[in-house]
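Notes follow the structure.
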Amino acid sequence: MKALYATLLAVAATNAAPAFAAPSASPLIGSWAVDTSRLTMPPAARPKSVTITYDDVGGGKWRTNVEVVLPDGKKVQAISTYVPDGTATPVEGNLEADMAATRLPEPGVMVTALALRGNPGSMRTYTVSADGKTMTETVVYFTSEGVPAMRTNRFDRVR
């Protein structure tokens with residue numbers, strides 16, 4: 001359960017990613033809330049909410065803010081500011097990652113690689129729908145047995 005929350009924090013705290021500085025018009029800019037009813041975990045273990053906000057803060061930098069409300073009501077927050085050019089950047093306040101590299105290979109698509117203490121973590125791809133109302137997160141990771149696995153989460157635009 002902690003791994004999921006850490007993963008969700010990592011997702012947001014380390015994701016924002018143009019190959020070159022993305023324009024403010026990027027469809028990723030805004031706030032996104034995960035559809036907790038679709039999370040692949042027992043309902044009682046699911047967070048009450050997960051919101052990721054991407055902001056263009058100028059100078060070629062983006063800020064990602066991830067807010068998670070755990071099942072017990074406790075709030076957890078991770079914030080990261082970075083140049084989304086694929087360069088490794090430190091991540092603060094995240095349980096799953098302390099480094100991330102993010103890039104936008106095309107408008108509305110973000111790819112992020114995560115690492116913790118020098119060890120590879122997960123790879124995440126975010127894709128905004130054509131109508132800009134939903135965002136799909138595909139997470140590629142390895143199980144504790146070393147087997148590759150994937151999961152998909154759906155986010156709805158909040159703003």
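Checked options Thr89, Thr112, Thr87; the residue passing with Thr102 is Thr112 (criterion: side chain to side chain donor-acceptor pair (under 3.5 Å)).
Taken from CG in Leu28 to CE in Met110, the straight-line distance is 4.5 Å, to the nearest 0.5 Å. Interatomic distance, CZ of Arg151 versus CZ of Arg38, reported as 16.0 Å (0.5 Å rounding). In this structure, CH2 in Trp32 is found 8.5 Å from CG in Asp156, a value given to the nearest 0.5 Å. Distance check, rounded to the nearest 0.5 Å: NZ of Lys133 to CZ of Arg157 gives 11.0 Å. Atom CD1 of Ile29 sits about 6.5 Å away from atom CG of Asp55, to the nearest 0.5 Å.
Evaluation of the salt bridge (Lys or Arg N to Asp or Glu O under 4.0 Å) rule for Arg117 yields no partner, not counting sequence neighbours. The side chain to side chain donor-acceptor pair (under 3.5 Å) check on Ser37 picks up Asp35, with sequence neighbours excluded.
Side-chain contact between Ser26 and Trp62 is present, with at least one heavy-atom pair separated by less than 4.5 Å. Within the 4.5 Å cutoff, the side chain of Leu70 has heavy atoms near those of the Val68 side chain. The shortest distance between side-chain heavy atoms of Tyr54 and Met135 falls below 4.5 Å. Looking at Thr36 and Lys48, their side chains never come closer than 4.5 Å, going by heavy atoms from C-beta outward. At least one side-chain heavy atom of Thr53 sits less than 4.5 Å from a side-chain heavy atom of Arg159.
With hydrogens and angles ignored, the 3.5 Å screen pairs no side-chain donor or acceptor of Arg63 with any backbone N or O of Ile79. Counting only distance, with no hydrogens or angles, the side chain of Arg154 and the backbone of Thr134 share no donor-acceptor pair below 3.5 Å.
Between Arg124 and Glu137 there is a salt bridge, since a side-chain N of the basic residue sits under 4.0 Å from a carboxylate O of the acidic one.
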